[in-house]
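Below is one structure, written out as structure tokens; the observations come after it.
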Amino acid sequence: MIIKEILEKDTLSHQDICDLLRIDNKPDFALLRNRAYEIMKEHCGEKVFLRGLVEFSNICKCDCNYCGIRKSNKNVDRYLLDKKEILAAARKSVENGYASFVMQSGDRDDPQFIDFVIDVVKAVKKATVSDKLPNGLGITLCIGEQTYENYKRLFDAGIHRYLLRIETSNEKLFEKLHSVEQSYHNRVNCLKMLKDLGFQVGTGVMIGFPEQTIEDLAKDVLFFKDMDIDMIGMGPYIVHKDTPMGKYFDEYQAKKQETFELGIKMIAVCRIVLKDVNIASTTALQAMYDDGREQGLLCGANVLMPQHSPFSVRKQYQLYEGKPYLDETDKSSIEDLEKRVHSIGRTLGYDEWGDSKHFKNRNK
Ligand code: SAM
């Protein structure tokens with residue numbers, strides 16, 4: 001079907017989404033990008049919201065076949081930042097005008113770890129209350145699959161957003177990508193529990209796995225819609241050599257441009273289908289091309305998550321090859337980010353939580 005006609009429809013079918021993801025020429029891509037931008041402007045505005053990101057531990061109980069910090073990778077020095085270090089990153093986030101904070105780590109669900117996270121979250125909240133932020137920093141957590149009780153304790157501690165990527169909505173592919181202890185059904189169930197508890201729920205997929213098809217990706221978009229998801233964080237899959245999927249390195253290099261383009265087309269399609277959700281333009285896009293995150297913003301993304309982890313641990317949170325070791329907390333990085341965002345005609349939402357409009361709309 002002609003792309004212009006698909007973009008005029010109110011509801012897109014699986015086939016329509018496949019056609020959009022298969023766009024391979026500049027004029028059609030421009031139509032897709034402009035439509036996504038228009039929808040973003042209408043439903044979310046043009047501001048880009050900021051979250052200071054702290055990757056506070058790389059200790060992980062999982063053995064995902066793609067991930068550089070998987071349990072079996074012995075070339076990683078494991079760390080857990082202490083409360084002081086996480087508080088320092090949170091304060092830096094506030095200082096920079098980034099009113100939201102993302103705490104991400106490897107998967108752990110032991111009581112000692114959950115107690116630690118709760119203690120830190122309460123301290124972060126307390127330390128960041130001000131006239132500008134009467135409820136302190138907005139906090140998003142991303143520490144993997146948990147029990148209902150753990151999620152409830154985390155919610156009660158003051159966390160109001162949670163990110164848990166489904167990685168792929170193709171159950172067979174999910175199984176190939178993960179160890180036998182991990183289950184697709186449990187992942188879906190966790191997303192349901194999070195929603196039940198009242199979190200703003202984020203999920204996403206990796207784009208460009210070997211064996212992943214355009215049909216799979218189109219199904220992923222419809223999965224986000226069916227699950228009524230509030231936030232999307234997705235990005236290209238990038239090979240890490242010290243993983244079972246390291247053997248795909250040459251294949252990945254050869255398909256880099258195609259994978260990147262698919263990554264930004266997925267952002268545009270998600271914006272068109274899901275309309276009022278928050279969509280992050282992720283580090284993986286920037287790892288592939290210097291202006292990767294700006295390209296994501298032009299396709300309808302409205303969230304950036306600048307790095308706020310201490311520089312000393314950056315190299316130990318290497319999920320994939322070429323992950324930038326950026327320290328984005330210093331003055332020149334902040335100015336650079338601002339310049340980049342302004343260069344594409346957008347402004348930054350300083351001192352605002354920037355919650356998902358979708359969450360607000362579905363709770364009206
Ligand atoms: N443990 C938490 C979880 O699983 O939700 C958070 C940490 S996990 C490392 C964060 C995300 O990194 C994963 O959901 C996955 O999508 C992404 N990731 C891991 N390895 C990657 C790779 N090789 N390329 C791109 N993204 C990757």
Start with the C-alpha gap between N278 and N302, add the side-chain angles, then the distance that decides, and say whether side chain to side chain donor-acceptor pair (under 3.5 Å) holds. CA-CA 6 Å; N278 273 349; N302 66 335; 3.0 Å; yes
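Put simply, the side chain of Q104 reaches to within 4.5 Å of the side chain of L53, judged on heavy atoms. Taking 4.5 Å as the limit, some side-chain heavy atom of L141 sits within range of a side-chain heavy atom of L154. Looking only at side-chain heavy atoms (C-beta outward), D28 and L20 stay at 4.5 Å or farther from each other. The shortest side-chain heavy-atom distance between F101 and V94 does not fall under the 4.5 Å cut-off. Using a 4.5 Å heavy-atom cutoff, the side chains of R346 and K47 are not in contact.
If you chain together ILVMFWY residues whose side-chain heavy atoms come under 4.5 Å of each other, L50 ends up grouped with V48, Y98, L297, L298, L304, I334, L337, V341, I344, L348, Y350. Under the 4.5 angstrom side-chain criterion for Ile, Leu, Val, Met, Phe, Trp and Tyr, V76 has no cluster partners at all.
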Show me, pair by pair, the donor-acceptor contacts under 3.5 angstrom made by side chains of residues 356-364, not counting sequence neighbours?
{"residue": "S356", "atom": "OG", "partner": "D230", "partner atom": "O", "Å": "2.9"}
{"residue": "S356", "atom": "OG", "partner": "H358", "partner atom": "N", "Å": "3.2"}
{"residue": "S356", "atom": "OG", "partner": "F359", "partner atom": "N", "Å": "3.2"}
{"residue": "H358", "atom": "ND1", "partner": "D276", "partner atom": "OD1", "Å": "2.7"}
{"residue": "H358", "atom": "NE2", "partner": "D228", "partner atom": "OD1", "Å": "2.6"}
{"residue": "N361", "atom": "OD1", "partner": "K364", "partner atom": "NZ", "Å": "3.3"}
{"residue": "N361", "atom": "ND2", "partner": "D276", "partner atom": "OD2", "Å": "2.8"}
{"residue": "N361", "atom": "ND2", "partner": "K357", "partner atom": "O", "Å": "3.3"}
{"residue": "R362", "atom": "NE", "partner": "D230", "partner atom": "OD1", "Å": "2.9"}
{"residue": "R362", "atom": "NH2", "partner": "D230", "partner atom": "OD2", "Å": "2.7"}
{"residue": "N363", "atom": "ND2", "partner": "F359", "partner atom": "O", "Å": "2.8"}

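Between E8 and K4, at least one side-chain nitrogen of the basic residue sits less than 4.0 Å from a carboxylate oxygen of the acidic one, meeting the salt-bridge criterion. A salt bridge links R161 to D355: at least one charged side-chain nitrogen sits closer than 4.0 Å to a carboxylate oxygen. Remark: E321 does not engage K241 in a salt bridge, criterion side-chain N to carboxylate O under 4.0 Å. Electrostatic pairing of D82 and K84 does not count as a salt bridge here, judged by no charged N lying under 4.0 Å from a carboxylate O. At a threshold of 4.0 Å, the pair R153-D115 counts as salt-bridged, since one of the basic side-chain nitrogens sits closer than that to a carboxylate oxygen. Ion pairing between a basic and an acidic side chain is recognised when a charged N comes within 4.0 Å of a carboxylate O; E38 and R35 show such pairing. The pair D24-K265 does not count as a salt bridge, with every side-chain nitrogen at least 4.0 angstrom from each carboxylate oxygen. In summary, D291 and R340 do not engage in a salt bridge, as defined by a charged side-chain N under 4.0 Å from a carboxylate O. By the 4.0 Å N-to-carboxylate-O rule, K323 lies close enough to E55 to be salt-bridged with it. Residues K172 and E175 are not paired through a salt bridge, judged by the lack of any N-O separation under 4.0 Å between the basic side chain and the carboxylate. Between E42 and K275 there is no salt bridge, since none of the side-chain N atoms of the basic residue sits less than 4.0 Å from a carboxylate O of the acidic one.
Within a 6.0 Å sphere centred on NZ of K41, other residues, nucleotides and ligands contribute 12 heavy atoms or fewer. Dense packing is recorded around CD of Q257, with more than 12 heavy atoms of other residues, nucleotides or ligands lying under 6.0 Å away.
The shortest non-hydrogen separation linking C60 to I69 is CB-O, 3.8 Å.
Between the side chains of S179 and Q182, at least one donor-acceptor pair of N or O atoms lies under 3.5 Å.
Looking at residues two or more places apart in sequence or on another chain, you find a ring pair (Phe, Tyr, Trp, His ring centres under 6.0 Å) between F209 and Y66, Y237. Evaluation of the side-chain hydrogen bond (donor to acceptor under 3.5 Å, both in side chains) rule for D216 yields N170, T213 as partners, not counting sequence neighbours. A search for side-chain hydrogen bond (donor to acceptor under 3.5 Å, both in side chains) contacts involving R51 returns nothing, not counting sequence neighbours.
Here CG of L222 is found 11.5 Å from CG of L217. Values are rounded to the nearest 0.5 Å.
A cation-pi arrangement, defined by a distance under 6.0 Å to the six-membered ring centre and an angle within 45 degrees of its axis, is absent between K83 and F116. Remark: K256 is positioned above the aromatic ring of Y289, its terminal NZ or CZ atom under 6.0 angstrom from the ring centre and at most 45 degrees off the axis.
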